[in-house]
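Values in this document were obtained by computation on a predicted structure and should not be read as measured data.
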Amino acid sequence: MRSRGLGFSMIELITVLIVLAILAALALPKLNTVGDFRATAFRDSVAGGLRFAQKTATSHRRVVCATLTPVKLTLTIASNGGIGAACDTPLALPNGAASVDSADTAGVTLAGMPVALFFQPDGRITTDAAGAVNAAAVAASVNGQPIALEGSTGYVK
């Protein structure tokens with residue numbers, strides 16, 4: 001009788017290596033999601049800031065202006081009430097920050113959003129301070145992750 005060794009055969013070793021290669025090919029792309037997390041965080045912060053602007057406009061009965069750049073959202077509020085009033089006072093976000101900024105998230109940018117949005121006291125989102133032109137369904141994105149606005153209803157998603 002021939003005794004068998006305690007090792008593995010060459011076929012078993014190659015099979016294990018093939019299985020590991022397949023798992024690595026599937027798992028490695030999933031591990032490189034730090035940029036996606038940053039983009040999601042910035043997108044959520046911008047959407048939250050826009051929701052805050054809309055809620056503040058209706059609760060304070062003042063026009064709130066949102067100034068957008070590819071990397072920053074800044075809010076100001078009108079010190080005088082009524083539609084068409086000029087936004088002249090900085091509006092701090094709930095966390096106390098002056099703006100939503102993607103400076104710490106290199107490569108994350110906001111695209112497709114108008115440069116300025118005006119949140120009216122009646123809840124609408126317009127593209128002019130006087131409130132004459134409702135913002136149409138605006139679809140912006142942060143690295144491919146969408147932000148949707150509906151001007152006539154003030155909906156921000």
If you take all heavy atoms of Ser79 and Thr89, which pair is closest and at what distance?
CB-OG1, 3.8 Å
Test item: Thr126 side-chain N/O and Ala132 main-chain N/O as donor-acceptor pair under 3.5 Å:
no
Can you name the closest pair of heavy atoms from Ala53 and Leu75 and give their distance?
CB-CD2, 3.8 Å
State the CG-CD distance between Leu149 and Gln54, to the nearest 0.5 angstrom.
10.0 Å
For Ala57, does its backbone N or O pair with a side-chain atom of Gln120 as donor and acceptor, under 3.5 Å?
no
Do Asn134 and Ser152 get their side chains close enough for a donor-acceptor pair, meaning under 3.5 Å?
no
Taking the side chain as everything from C-beta on, heavy atoms only, tell me whether Leu50 gets closer than 4.5 Å to Phe119.
yes
Decide yes or no for Leu117 and Cys65: does some side-chain heavy atom of the first lie under 4.5 Å from some side-chain heavy atom of the second?
no
Is it the case that one hydrophobic cluster holds both Leu26 and Ile18, taking links as side-chain heavy atoms less than 4.5 Å apart, direct or via other members?
yes
For Asp101 against Phe42, the heavy-atom pair lying closest together:
C-CE1, 3.9 Å
Here the pair of heavy atoms bringing Cys87 nearest to Val64 is SG-C, 3.9 Å
All heavy atoms of Val156 vs all of Ala47, minimum pair found to be CG1-O, 3.7 Å
CZ-OG1 distance between Arg62 and Thr56, expressed to the nearest 0.5 angstrom:
12.0 Å
Minimum heavy-atom separation for His60 and Ile77, please, with both atom names.
CB-CD1, 4.3 Å
State the CZ-CG distance between Arg61 and Asp122, to the nearest 0.5 angstrom.
10.0 Å
So if you build clusters from Ile, Leu, Val, Met, Phe, Trp, Tyr with side-chain heavy-atom gaps below 4.5 Å, do Ile11 and Val19 land together?
no
If you count every heavy atom of other residues, nucleotides or ligands that lies below 6.0 Å from Leu20 atom CG, does the total exceed 12?
yes
CZ/Phe118 to CD1/Ile125 distance, rounded to the nearest 0.5 angstrom?
12.5 Å
